[in-house]
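Notes to accompany the following structure.
In what follows, every heavy atom counts, from backbone to side chain, and hydrogens, waters and symmetry copies are set aside. In each ligand, atom 1 is the first atom listed, and ligand 1 is the first ligand listed.
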Amino acid sequence: MKHLTLLFAATAAALVVHPEGNPQQTSLVEDKPQVAVQDAVQTWWNSLPNPESLFTAIESRIKTSLQHVGDVTKGLDFDPDSDSDDDGHPHPHPPHHPPRRGGRHHGDKTKTIYELIKDNKYTTKFAKLVEENDEIKSLLDDTEHNHTLFVPTDKAFEGIPHKPKEPPSKEFILSLLKYHALPGLYTARHVLHSHTLPTELSPDSLGDHPQRLRVSLGFLFSIRLNLYSKIVLSNIEAKNGVIHAVDGILVPPPSQAKIISLLPGSFSTFSLGLEKTGLADDLSKSDEAGGTLFAPTNRAFQKLGPGANAFLFSERGKKYLKAILKYHVVLGETLYSDAFYNKKKDDGDEETNGYWHVDLPTQLDDKPLAVDVKSWKGFVEIVLNGFTKVAFKDGVASDGVVHVINSVLIPPHKHHGEADETEREYSVEELKERLGPYVGGGEVRDL
Ligand SMILES: *[C@@H]1O[C@H](CO)[C@@H](O)[C@H](O)[C@H]1NC(C)=O
């Protein structure tokens, strides 16, 4: 899964790493209001070198961080004795090493978050962006509400392409800034106990729900956000919240479709299927906000066997392929491993914990996909239809979330009990029988 993980990081880290990067970032603040946020993200992408070199850049970045193991641990600032706020949702590997003496960063409780980053000589670049943006400035200066800020250090701005073909718009900068702030107070411990975190950014494409950050553990228990941005200094207290310094700018993620198309090494078969059946087109026209995509890897398709693949990707098998693919797509409901944006409920987002079950309506005639989320001592497992385990969870996207699976989902038999079908091949006859009810006499019903 390392390869895949790196590529996911590449997806989100595009802005951050550039092999021939230049530390200057003047182009970041130029004004271009007519460009929508989406376009700006796209533009950033297009201005980047080929994914190959991006990949290399990220790999070398990871190697570098391995060489500086000492640095990696520096930012960790837990006090194992202050366990009283334990919310029963710990991460699998609490740090073994004792907290460092003198390693606490108390900040200054007489100053706001904004004042602290403005006065700090390591955060001048981010502070400058904030200063030029009244909305975010007043948010971080507001003492009525607590906030958490992930502030990229000046070093994090190194490597941004000096002259992108199109400078990002004001909206893009605003989204970027909002994506670094969380409503409420999250200490390092709270961050570590989460799988995803809600930010101040709430795009239309998510139905105004918060865009989330993905939390994971890096080397020696360092905390990483969206895989590539490491917390290097934590728990800097302010009058109105807490600051954590990070070594990578948090770029709002691209769409589900973009993520899939950027990772051909893992999803070329799935992509081909989406194109070939016209489903990619149908989905791009959908005006549902949010969604959950279960993306089968190339290996997942291989497992179906050569006969099944030849059939599904033939003209005659196309409608069956379309039915299968639709069964992997949920629109309007966004399910993370610890939160659920459910369109049927108006009373806000559901933060989840422990064991829970939900049936997600798929694009295949609303045929439900049974999802079990089991978290135990910080481990979390998402299981579909009883047997298919999500291999990579919570791939955050601008329009929902992508979970990666290593088996293709086939709608279960109508009358038989559940059986593990994740590792077996299918014959053409069997596929026709299983999918018959959904393809009808002729075409698969349109979206
Ligand atoms: C912010 O958090 C601190 C520490 O938990 C708390 O004492 C304070 O009342 C909070 N302030 C607001 C405005 O919620």
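In this structure, D247 does not pair ionically with K155, as no charged nitrogen and carboxylate oxygen lie closer than 4.0 Å. In summary, K137 and E131 do not engage in a salt bridge, as defined by a charged side-chain N under 4.0 Å from a carboxylate O.
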K178 and E135: CA distance, side-chain angles, deciding distance, salt bridge (Lys or Arg N to Asp or Glu O under 4.0 Å) verdict: CA-CA 9 Å; K178 283 184 169 176; E135 186 179 341; 3.0 Å; yes

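Residues D394 and Y336 share a closest heavy-atom pair of OD1-CA, 3.4 Å. Nearest heavy atom pair, residue L325 against residue V329, reads O-CG2, 3.6 Å.
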Expected rows: ligand 1 N/O, protein N/O, dist below 3.5 Å:
residue: ligand 1; atom: 2 (O); partner: N146; partner atom: ND2; Å: 2.3
residue: ligand 1; atom: 11 (N); partner: N146; partner atom: ND2; Å: 3.0

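Here T269 pairs with N298 under the side-chain hydrogen bond (donor to acceptor under 3.5 Å, both in side chains) rule; sequence neighbours left out.
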